[in-house]
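We name chains A, B, ... by the order of the sequence lines, and we start the count at 1 in each one. Source: prediction; values computed, not measured.
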Amino acid sequence: MYCFLRFSILLVGLIVSAGSYAVNAAQPLTTADDLGPKVEQPIEFPHDRHAGDAAKGGMQINCMYCHTYARRSIVAGIPPLQKCIGCHQNIESVRETPRIKKLFEYWEAKKAVPWKKVHDLPDFVRFNHERHIQRFVFAQNKPVQEACGYCHGDVKTMTVARRQKPLSMGWCVSCHQKDHPVDATSTKTTHGPNDCWQCHK
Amino acid sequence: MSITNLLENWSDFRQQHPSDDRPHREYKWAMSIDLDSCTGCNACSVACYAENNLPVVGKEKFAHGHSHHWIRIERYWDNDGREFADQGAQFLPMLCQHCESAPCETVCPVGATNHTADGLNSQVYNRCVGSRYCNANCPYKARYFNWYDYPTTDNVWPEPMNQQLNPDVTVRGKGVMEKCTFCVQRLTVAKSNARSAGRGVLDGEVQTACQQVCPTGAISFGNLVDPLAKVGKQWMTQQVELNKDKQAKDVKDVEEKAAKLRGYRILEELRTYPSVMYLEQLRESAI
């Protein structure tokens, strides 16, 4: 009797698990609808010009040159105006273009540029940039733009950044469930933590 | 967590009694509270309110039996046989015991309360549907239910008091259960910092809010796996073992020895395997 019960429970489990496999296969993780809203920034910052490929007229600047905190803090950080001016006061060729003029207006008024948030997670979620950058860029030696692009999309082709990934829990978990090598050379793999309190607070 | 992951890694997720076969890997957070040092000043409770965004429910609701103190001071007035019976109450700070085999976890219909790899009893507010079954099953009555939507309707944190809310902790809405988290937001930061430095969390590097404010240092908190941790040493000296529901010191032939030991865990016989050890009060006998 009990043996029979146990078998039927197992059967239900198998059917459910097969069903969930099917559901997973049917739904692509990223769809066109995942594209976030267009965010109007005070200055139309050209990411493509700064970080884009040299062949397309980009400067190929490392993401972490401006977003310095990504490797050592929970947040990646928006660069202070000093950082922009630090380079741009020496770049005479673009000094009179409208965007740079606007930049220097802020500088002369001694005001910070009121950048708007593009990748905004709910308040109950804790996402740590440091852990991800240390793992992918420093341990696994992935190119910086690729590693940042896992969540931020191909920012080097955009002007103002726009959300391209869903940033939903299922999407996060889909990567946490995958086995990733622990460093660039080792064959040993681990997956991301799957404990709720790792991300939920 | 998809069901495939749940089924494939069932051994990681299922509730198990602690055993030598399945030891904790890096961390097992535990606490010990010295009741002899505790003066019942309630500073721990106040610190918890500030750290964890707990709403002050007010006199009227408290009179109806509603409260939100994740750590509360229980008073016992049993003074029979004491030399100085008018000396006052005996105090016991009661918080979630983070049981290794927690009765609350097994009854949650939606799996909102789980055991983490660090030996914490986690409560996930987003998943909680407010059945309150866990509260009913908790022998320590350490879980608190949000009957009201404090952040909005009741104006618990009027301007500018909302500025003191801790951004690392969710402000819970109506209809979810909440309880002591062992200040998991602090543990996460400490673990991340330690990992960047390529080591484990050192003893004393992370403190819970209640431990930090305790004026008499009655509360110690740390990693039981770490052999250098104060809390582990206390557990060992008191001969209290995490994975036993009956401690060796309680056996009759070592009765004399046991009389000198004052470590115990509350309602241990229920086989909840709590992570909080109390040190019995002996102040009066020491006088």
Side-chain angles (χ1 to χ4, degrees), chain A residues 9-25 27 29 69-75 121-135 137-139 168-179 182-183 190-201, chain B residues 1-10 12-13 25-27 29 51-53 98 105 108 110-128 151 165-173 176 178 181-189 191-198:
Chain A
I9 287 168
L10 183 72
L11 207 66
V12 169
L14 281 174
I15 290 164
V16 170
S17 83
S20 91
Y21 261 124
V23 168
N24 278 348
Q27 288 172 338
L29 283 161
Y69 304 108
R71 61 179 173 275
R72 55 195 160 99
S73 162
I74 200 163
V75 291
L121 289 175
D123 287 349
F124 51 78
V125 175
R126 180 194 294 123
F127 176 85
N128 194 332
H129 277 88
E130 181 190 6
R131 289 268 68 82
H132 291 86
I133 296 295
Q134 288 295 340
R135 179 62 187 273
V137 178
F138 293 99
S168 62
M169 178 173 149
W171 178 78
C172 294
V173 170
S174 72
C175 192
H176 272 230
Q177 282 183 346
K178 277 184 203 143
D179 285 324
V182 286
D183 56 50
T190 53
H191 58 76
N194 55 11
D195 143 31
C196 308
W197 261 2
Q198 204 70 41
C199 314
H200 285 272
K201 58 188 188 186
Chain B
M1 189 192 303
S2 72
I3 192 127
T4 39
N5 183 22
L6 195 70
L7 290 169
E8 278 164 18
N9 304 305
W10 180 237
D12 287 345
F13 294 119
R25 272 166 289 184
E26 286 175 277
Y27 301 105
W29 302 110
E51 173 73 19
N52 292 304
N53 303 339
H98 289 271
E105 289 171 12
C108 181
V110 291
T113 176
N114 302 288
H115 224 66
T116 72
D118 298 349
L120 297 175
N121 171 241
S122 71
Q123 176 72 24
V124 186
Y125 309 121
N126 299 73
R127 193 172 276 194
C128 178
L165 290 172
N166 186 352
D168 295 334
V169 182
T170 310
V171 179
R172 280 80 53 185
V176 297
E178 60 182 56
T181 62
F182 267 178
C183 286
V184 69
Q185 65 279 10
R186 296 180 176 206
L187 303 181
T188 314
V189 171
K191 269 163 64 184
S192 179
N193 290 345
R195 204 163 162 193
S196 303

* Asked: For the residue pair A:M169 and B:R127, what are the closest heavy atoms and their distance?
  -> CE-NH2, 4.4 Å
* Asked: Around atom OH of A:Y69, are there more than 12 heavy atoms of other residues, nucleotides or ligands at under 6.0 Å?
  -> no
* **From B:S196 atom OG to A:R71 atom CZ, the distance as rounded to the nearest 0.5 Å** => 12.5 Å
* Distance, nearest 0.5 Å, that separates CZ of B:R195 from CD of A:E130 -> 10.0 Å
* Are side-chain heavy atoms of A:W197 and B:T181 found at a separation under 4.5 Å? -> yes
* Name all residues meeting the side chain to side chain contact (heavy atoms under 4.5 Å, CB included) criterion together with A:D123; count only those two or more places apart in sequence or in a different chain, and write none if there are none. => none
* **Residue from B:N114, B:V124, B:T116, B:L120 passing side-chain contact (heavy atoms from CB on, under 4.5 Å) with A:D195** => B:T116
* Is chain A contacted by the side chain of B:T188, its backbone, both, or neither, given a heavy-atom distance below 4.5 Å? -> side chain
* Taking side chain as C-beta onward, heavy atoms only, is A:R131 less than 4.5 Å from B:S192? -> yes
* Where do A:K201 and B:D168 come nearest, in terms of heavy atoms and distance? -> CD-O, 3.2 Å
